[in-house]
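Keep in mind that this is a model prediction, so the values were computed, not measured.
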Amino acid sequence: MAEDIKAKLENYRTAPFDARFPNQNQTRNCWSNYLDYHRCQKALDAKGVDNTPCEWYRRVYKSICPMSWIQKWDDQRAEGTFPGKI
């Protein structure tokens, strides 16, 4: 399974179609992948496991989300004022 994830990451170009977000507006897709990445990272770090599988979510949100949103959310997480549940 780890080989499959690594192969997908190597072949990654841009975010694939996600049936949960069929519309042109990808704001929720951006938000969901940002949260999923940090939840995945937190869960795997707590278990002491390699968090390479989380890399997929990071690449998706980095390709969909505007950089200003990512920076704002990172700043909010650092300050403890982030509105999402991670």
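- Shortest non-hydrogen contact noted between Cys30 and Trp69 is SG-CE3, 3.8 Å.
- Atom CD of Gln41 sits about 13.5 Å away from atom CZ of Arg39, to the nearest 0.5 Å.
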(Q) Under the criterion side-chain contact (heavy atoms from CB on, under 4.5 Å), I'd like the reasoning laid out for Tyr61 against Trp73: C-alpha separation, chi angles, the key distance, then a yes or no. (A) CA-CA 12 Å; Tyr61 86 73; Trp73 294 337; 6.0 Å; no
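- Note on Trp56: it clusters hydrophobically with Ile64, by side-chain heavy-atom contacts below 4.5 Å among ILVMFWY residues.
- For Ile86 against Arg77, the heavy-atom pair with the smallest separation is CD1-CD, 3.6 Å.
- Leu44 and Tyr57 sit in two unconnected hydrophobic clusters of ILVMFWY residues. Membership requires side-chain heavy atoms under 4.5 Å apart, directly or through other members.
- The CD atom of Glu55 sits 9.5 Å away from the NZ atom of Lys62 when rounded to the nearest 0.5 Å.
- Rounding to the nearest 0.5 Å gives a distance of 11.0 Å between CG of Asn29 and CG of Asn23.
- Going from atom NZ of Lys42 over to atom CG of Leu35 covers 11.5 Å, rounded to the nearest 0.5 Å.
- The minimum heavy-atom distance between Asp74 and His38, with the atom names listed, is OD1-NE2, 4.3 Å.
- In terms of heavy atoms, Cys54 sits closest to Tyr37 at O-CD1, 3.1 Å.
- Distance alone, capped at 3.5 Å, is enough to place a donor-acceptor pair between the Asn25 side chain and the Thr27 backbone.
- When all heavy atoms are compared, the tightest approach of Phe21 to Ser32 is CZ-OG, 3.6 Å.
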